[in-house]
J.: 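Attaching a single structure in structure tokens format; questions to follow.
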Amino acid sequence: MKQMFTPAKIKEDFPIFKKVMRGGNRLVYLDSGATSQKPFAVLDAERDFYENHNAAVHRGAHLLAEEASLAYEGAREVLAEFINAQSDEVIFTKSATESINAIAYSFGNSLPNSRFALKPGDRIVVSELEHHANLIPWQQLAKRTGAELVWFSIDDDGRLDLSDIKNVISETTKIVAITHQSNVLGTIVPLDSIVDRAHAVGAVVVLDACQSAPHFAIDVKTLGIDFLAFSGHKALGPTGVGILWGRAQYLNEMEPFLTGGSMIESVTMTEAKWAPAPKKFEAGVPNMAQAIGLAAAVKYLTKLGMNNVAQHERELTAYALDKFAALQGVKVIGPKDNVNRGSVISFTMDGIHPHDVGQVLDQYGVAVRTGHHCAWPLMKKLGLVGTTRASFYIYNDEADVDALIASIGEAQKYFKV
Amino acid sequence: MKQMFTPAKIKEDFPIFKKVMRGGNRLVYLDSGATSQKPFAVLDAERDFYENHNAAVHRGAHLLAEEASLAYEGAREVLAEFINAQSDEVIFTKSATESINAIAYSFGNSLPNSRFALKPGDRIVVSELEHHANLIPWQQLAKRTGAELVWFSIDDDGRLDLSDIKNVISETTKIVAITHQSNVLGTIVPLDSIVDRAHAVGAVVVLDACQSAPHFAIDVKTLGIDFLAFSGHKALGPTGVGILWGRAQYLNEMEPFLTGGSMIESVTMTEAKWAPAPKKFEAGVPNMAQAIGLAAAVKYLTKLGMNNVAQHERELTAYALDKFAALQGVKVIGPKDNVNRGSVISFTMDGIHPHDVGQVLDQYGVAVRTGHHCAWPLMKKLGLVGTTRASFYIYNDEADVDALIASIGEAQKYFKV
Amino acid sequence: MELDSLYQEVILDHYKNPLRKKLEPNYSAQVHHVNPSCGDEITLNVDVVEGKVKSVSWEGVGCSISQASTSIVSDLMIGKSVDDALSTVDAFSKLMSSKGTEAGDENILEDGVALAGVSKFPARIKCALLGWMAFKDATLQSLNK
Amino acid sequence: MELDSLYQEVILDHYKNPLRKKLEPNYSAQVHHVNPSCGDEITLNVDVVEGKVKSVSWEGVGCSISQASTSIVSDLMIGKSVDDALSTVDAFSKLMSSKGTEAGDENILEDGVALAGVSKFPARIKCALLGWMAFKDATLQSLNK
Ligand SMILES: Cc1ncc(COP(=O)(O)O)c(C=O)c1O
Ligand SMILES: Cc1ncc(COP(=O)(O)O)c(C=O)c1O
């Protein structure tokens, strides 16, 4: 299998790698943690929809509407298969951010006697690793309902401290919302004990899979979680589409979030009844082209094989961690070993602010992200203003890592540190 | 000016018109009220973004991120100009449905002492013309806050009955949410008296411009409204993007709706402060390609000239209304004169259900919409199960209307009525 | 013409002269089903007596497909055992999801096979199923009483 | 190399040896400004006495551009009348939005002109403005007291 995985060949599927960067350099794209690049297959799928089948789905009695509906519902099936779910459990949103907000608002909208209703004394559990998208919606839900927000801390290596799990996930806990992989440190969170404990106290587990679903195989049944969210744009897909998955049983019991057309069973001037999921959660004309583009993206990934993707990234991360270990004045933040960690490497440099690091790297065509990475509480916990983050994906190879390491050297020269 | 407006030439800009429909017929697309077709200019703009500038905006220190941010913020400026607003008043959402829900939730989230807070005794006013997207969110807000939902009725011609405006928009009214043009009947709503009365009692006016912004020039300042929503996909733009416009002053006072990355000023584990608008309302990595595609769409429209677009549609509607008046067993629902009405024609046929009408028309390549058009309360008020709706846009011409009329005749023959 | 595979003569006949379209006062269950995407609605009464479908009757508005289909199912089921009736519904559902690859078993579905062509028009499958799903729902409700 | 237009020697000097980077105990206003997209933060004290900027001092963390820029603005403003100080801020803002088309007036901005190159790097403009906006805010607050 391994020899099939040739990033140089994969790069040819991605038009952006023809781009000439500052200083006449080639693009060394190490910012897939923020958003991934898009292969022709995805761009062509979107375009084919617009050029040959564009119509509002579930409406209209004409051929285009039929074809659009089949393509859109077909995309749902592809996504369901990708995470081993039933297709009526898969909801297209605009982003992971919307997916997580949808769960939080849906819970907030539920009637007092519902299992999803929160009240003072109830608890929501998150962790210090969370991206703002999996933190602020829960802060707000806690504020609206009077529930208490509690979190797992991290240790010096950026691993979750689960030693106190029984107290953190107390008997009063209703929701545990946790990231699968830290977008800053690469830490992969051990889910089994969290899921077990959450279910033991009757809480649901919401998984932020933004940094995992694009990078390794996800099976919602094996994970045992209750809800999952990820963004299409980080998984080779178009912007403007995300996935919300929830157990059918819960989706059926939940109140909708956005209301409007196509999500109803019946409507009068004063009352509306809801259609069954997934429609209940997809008000309005959906992001059809984007859903179809995302389906093309996960087909592309599936053809590569998610296990091959994961293995490739693991090997590349090992290679990079070795190179980093040999650098002077550069510190990797987060797990330094290559166990239970993804292909994200955050680092700081003595005497150079991350923003300046990023700027020098850009001069060499190396695209990284700098700052707090929308995980400000984590930065504060680590005592940092920010980090520089390199994140790898299917199109990266050792030459990209070498370019990164070389440009780090240039930054040190430039800033004379 | 008029002679410049040549639908046959415009059709050449839209790849879908090469499509061969059922029965080998050409596409007679009369369903732009549901969604419009897309010109090359839009598809190319999206593709150019992905192929040359794709990166997460407002993040990353690299060239791609810079270019993506400039393109995205540039799109905002184009949209602002399109409706004569300031660019920091323009928010990209995923759809009009999201835009309207955003206002409703934002109001629902506001603190009790805020001007946007609703309480029992307060009133929300809508009309019987509303699309579910501008009805159910307000039903839900009323339910959550205890406010009362009240509506304007329509007369037999499908015009708003404003005779009782003083009582409908009472002193306790906080929100008037109204459609600019009915998606079912084509009725254009007279806004002046509604805006005047709403402001006199201290209410805000939310305009559903889904069926107006794509079809005639909108100037938010002249209209005097406070919020506006429309969908990109009905205005030649991509799916998955909508516009929410609000007066700067209100946006600054309002609570956010979706929370997460990029919409914050600062974040701790327990608290978050909000960035100023528009960021406050754009949590997460935005639908960048779609915003940029929509900007290309409104540039295309602006180049045609919105007044020319409106005139073209008015003339085509007059032509069609004349043809309809001559048909036996076919009844136009809604305004029969061509005054204050848009280019949407709903009709019923004696002895043939709308769904069957649509099916026969489809056999002749004529794409229309059938059913309740997400305005079920309006259908019930009119005593109908549904209508068949033809809606016109820039690429339609008299030959399309002739094809429609001919296929209606075929339906009568087929069903022997 | 593709249309003819959808609108068989039998269907147009049922549409113009629907069977059992008048609610019977005696029933073991009454259901109201809606097709939210087009607004079609039916009310359907089933009378199950000693494990047998004694009567089926209905009222409602809808397109030719949904009206004809409801007419067909209503007439077809009378006299069948509940088991037989439910497996007939399953056979029809299967036919509807066949994308035009099946013709349907006339011994089981009788006039119902005229609806086989509907399976090639995805937007109309719900129309054809409306009456059948209402019948199934009402029959199951009768059993639970 | 494009980088050199961003990181002029003057800037690197201010970055390594920032001026006025120690909060003075006397001030008419203190502000805390944050650049939410990168996490940079500064606290800045301004002492306005009889319409004149008597002292400017600050503390904070940030990139070379924001640190140097804050150093420059702090030193530059001391002794200026409030009007003069505010119009100097305007001149700098204008320079930052010039997309590399302006060099800046050295008579007005002094070391500030070294930041002219920042205007070609849109992502860095906020860094360069952080200290200036904090100064403006603090000065206006002083006036309102
Ligand atoms: C008048 C009106 N309002 C709201 C909407 C909802 O728009 P969308 O489904 O794109 O969110 C539509 C179209 O579906 C409409 O015609
Ligand atoms: C871990 C994690 N969660 C949530 C998000 C939010 O995703 P989006 O901005 O696409 O909604 C991101 C990425 O930005 C992320 O990395």
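Both backbone and side-chain heavy atoms feed into the values below; hydrogens, waters and symmetry mates do not. Within every chain, numbering begins at 1; the chains are lettered A, B, ... in the order of the sequence lines, protein sequences first and strands thereafter.
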J.: For the residue pair Pro354(A) and Thr387(A), establish whether any side-chain heavy-atom pair is separated by less than 4.5 Å.
T.: no
J.: Looking at Leu27(A), Asn134(A), Leu149(A), Asn52(A), which has the largest count of heavy-atom pairs under 4.5 Å with chain B?
T.: Asn52(A)
J.: Select one option (side chain, backbone, both, neither) describing which atoms of Lys18(B) are under 4.5 Å from chain A's heavy atoms.
T.: neither
J.: As a quick check of understanding, evaluate side chain to side chain contact (heavy atoms under 4.5 Å, CB included) for Val184(A) and Met379(A), giving each step before the final call.
T.: CA-CA 9 Å; Val184(A) 182; Met379(A) 286 296 126; 3.4 Å; yes
J.: For residues Ile154(A) and Leu129(A), determine if any side-chain heavy atom of one lies less than 4.5 Å from a side-chain heavy atom of the other.
T.: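 When only atoms from C-beta onward are counted, Leu129(A) and Ile154(A) do touch, with a gap below 4.5 Å.
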J.: Go through the side-chain N and O atoms of Ser127(B) and Glu130(B) and say whether any donor and acceptor fall under 3.5 Å apart.
T.: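 Short answer, yes.
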J.: Is there a side-chain contact between Trp274(B) and Ile136(A) (heavy atoms, below 4.5 Å)?
T.: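 Trp274(B) reaches Ile136(A) side chain to side chain.
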J.: Between Lys143(A) and Glu271(B), is there a salt bridge with N-O shorter than 4.0 Å?
T.: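 Between Lys143(A) and Glu271(B) there is a salt bridge, with a charged N closer than 4.0 Å to a carboxylate O.
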J.: Can you check side chain to side chain contact (heavy atoms under 4.5 Å, CB included) on Leu64(B) and Lys19(A), steps first, answer last?
T.: CA-CA 10 Å; Leu64(B) 295 176; Lys19(A) 172 100 177 176; 3.8 Å; yes
J.: Under 4.5 Å from any heavy atom of chain A, what part of Glu67(B) do you find: side chain, backbone, both or neither?
T.: side chain
J.: At a heavy-atom separation under 4.5 Å, does Lys94(B) approach chain A through its side chain, its backbone, both, or neither?
T.: both
J.: Would you mind checking which part of Glu51(B) comes under 4.5 Å of any heavy atom in chain A, side chain (CB onward), backbone (N, CA, C, O), both or neither?
T.: both
J.: What part of Arg144(B) gets within 4.5 angstrom of chain A, counting heavy atoms only: side chain, backbone, both, or neither?
T.: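 Side chain of Arg144(B) only, per the 4.5 Å heavy-atom cut-off to chain A.
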J.: Chain B: which of Trp138(A), Phe14(A), Tyr105(A) shares the most heavy-atom pairs with it under 4.5 Å?
T.: Tyr105(A)
J.: Measure distances from Gln140(B) to the heavy atoms of chain A and classify the residue's part below 4.5 Å as side chain, backbone, both or neither.
T.: side chain
J.: Where does Val241(A) contact chain B at under 4.5 Å (heavy atoms): side chain, backbone, both or neither?
T.: neither
J.: Which region of Leu43(B), side chain (C-beta onward) or backbone (N, CA, C, O), has a non-hydrogen atom less than 4.5 Å from a non-hydrogen atom of chain A, or is it both or neither?
T.: both
J.: Between Ile264(B) and chain A, which part of the residue has a heavy atom less than 4.5 Å away: side chain, backbone, both or neither?
T.: side chain
J.: What part of Asp44(B) is in contact with chain A, defined as an atom under 4.5 angstrom from a non-hydrogen atom: side chain, backbone, both or neither?
T.: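 For Asp44(B), the contact with chain A is made by backbone and side chain together.
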J.: Applying ring pair (Phe, Tyr, Trp, His ring centres under 6.0 Å), name anything that partners His53(B), two or more places apart in sequence or on another chain.
T.: none
J.: Got Ser95(A) and Glu98(A) here, is their nearest side-chain heavy-atom distance under 4.5 Å?
T.: yes
J.: Which bit of Asn109(B) comes within less than 4.5 Å of chain A, counting heavy atoms only: side chain, backbone, both or neither?
T.: side chain
J.: I'd like to know whether Cys374(A) forms a side chain to side chain contact (heavy atoms under 4.5 Å, CB included) with Arg369(A), so could you lay out the CA-CA distance, the side-chain angles of the two residues, the decisive distance to 0.1 Å, and finally the verdict.
T.: CA-CA 11 Å; Cys374(A) 297; Arg369(A) 194 167 161 209; 3.8 Å; yes
J.: Select, from Gln290(A), His233(A), Met263(A), Lys38(A), the one with the greatest count of heavy-atom pairs under 4.5 Å involving chain B.
T.: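 Ranked by contacts with chain B, first place is Gln290(A).
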J.: Of the backbone (N, CA, C, O) and the side chain (C-beta and beyond), which part of Leu63(A) lies under 4.5 Å from a heavy atom of chain B, both, or neither?
T.: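 When you check distances to chain B, atoms from both the backbone and side chain of Leu63(A) fall under 4.5 Å.
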J.: Please look at Ser231(B) and chain A and tell me whether the side chain, the backbone, both or neither of the residue comes under 4.5 angstrom of a heavy atom of that chain.
T.: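 Nothing of Ser231(B), per the 4.5 Å heavy-atom cut-off to chain A.
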J.: Could you tell me which of Leu258(A), Asn287(A), Val267(A) has the largest number of non-hydrogen atom pairs under 4.5 Å with chain B?
T.: Val267(A)
J.: So do Val57(B) and Val285(B) actually touch side chain to side chain, heavy atoms under 4.5 Å?
T.: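 Val285(B) does not reach Val57(B) side chain to side chain.
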J.: Among Pro238(A), Ser32(A), Gly371(A), which residue has the highest count of heavy-atom pairs closer than 4.5 Å to chain B?
T.: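 Sorted descending by pairs with chain B, the first entry is Pro238(A).
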J.: Considering only heavy atoms, which portion of Phe17(B) lies under 4.5 Å from any heavy atom of chain A: side chain, backbone, both, or neither?
T.: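 Neither; nothing under 4.5 Å.
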J.: Which of the residues Arg47(B), Met21(B), Lys381(B), Glu46(B) is involved in the greatest number of heavy-atom pairs with chain A at under 4.5 angstrom?
T.: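 Option with the top pair count is Arg47(B).
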J.: Would the distance check show the side chain of Asn183(A) and the main-chain N or O of His373(A) forming a donor-acceptor pair, the cut-off being under 3.5 Å?
T.: yes
J.: Using the rule given for side chain to side chain contact (heavy atoms under 4.5 Å, CB included), can you reason through Ile16(A) versus Tyr50(B), listing the C-alpha separation, both sets of side-chain angles and the distance that settles it, and then say yes or no?
T.: CA-CA 7 Å; Ile16(A) 204 159; Tyr50(B) 287 129; over 6 Å; no
J.: For chain A, which residues of residues 356-364 of chain B have at least one non-hydrogen atom nearer than 4.5 Å to it?
T.: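 Only Gly358(B), Gln359(B), Asp362(B) of residues 356-364 of chain B have a heavy atom under 4.5 Å from chain A.
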J.: Please determine, among Ala96(B), Ser262(B), Ser266(B), Ala104(B), the option with the most heavy-atom pairs under 4.5 Å with chain A.
T.: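 Ranked by contacts with chain A, first place is Ser266(B).
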J.: Of the listed residues (Asn101(A), Thr35(A), Thr268(A), Thr270(A)), which shares the most heavy-atom pairs with chain B below a 4.5 Å separation?
T.: Asn101(A)
J.: To the nearest 0.5 angstrom, please state how far the CG atom of Leu378(A) sits from the CE atom of Met269(B).
T.: 9.5 Å
J.: Any donor-acceptor pair under 3.5 Å linking the side-chain atoms of Asp208(A) with those of His131(A)?
T.: no
J.: Between CG of Asn54(B) and CZ of Phe49(B), what distance do you get to the nearest 0.5 Å?
T.: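 Here the rounded value is 4.5 Å.
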J.: Does the ring centre of Phe257(B) sit less than 6.0 Å away from the ring centre of Phe257(A)?
T.: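 Between Phe257(A) and Phe257(B), the centre distance is under 6.0 Å.
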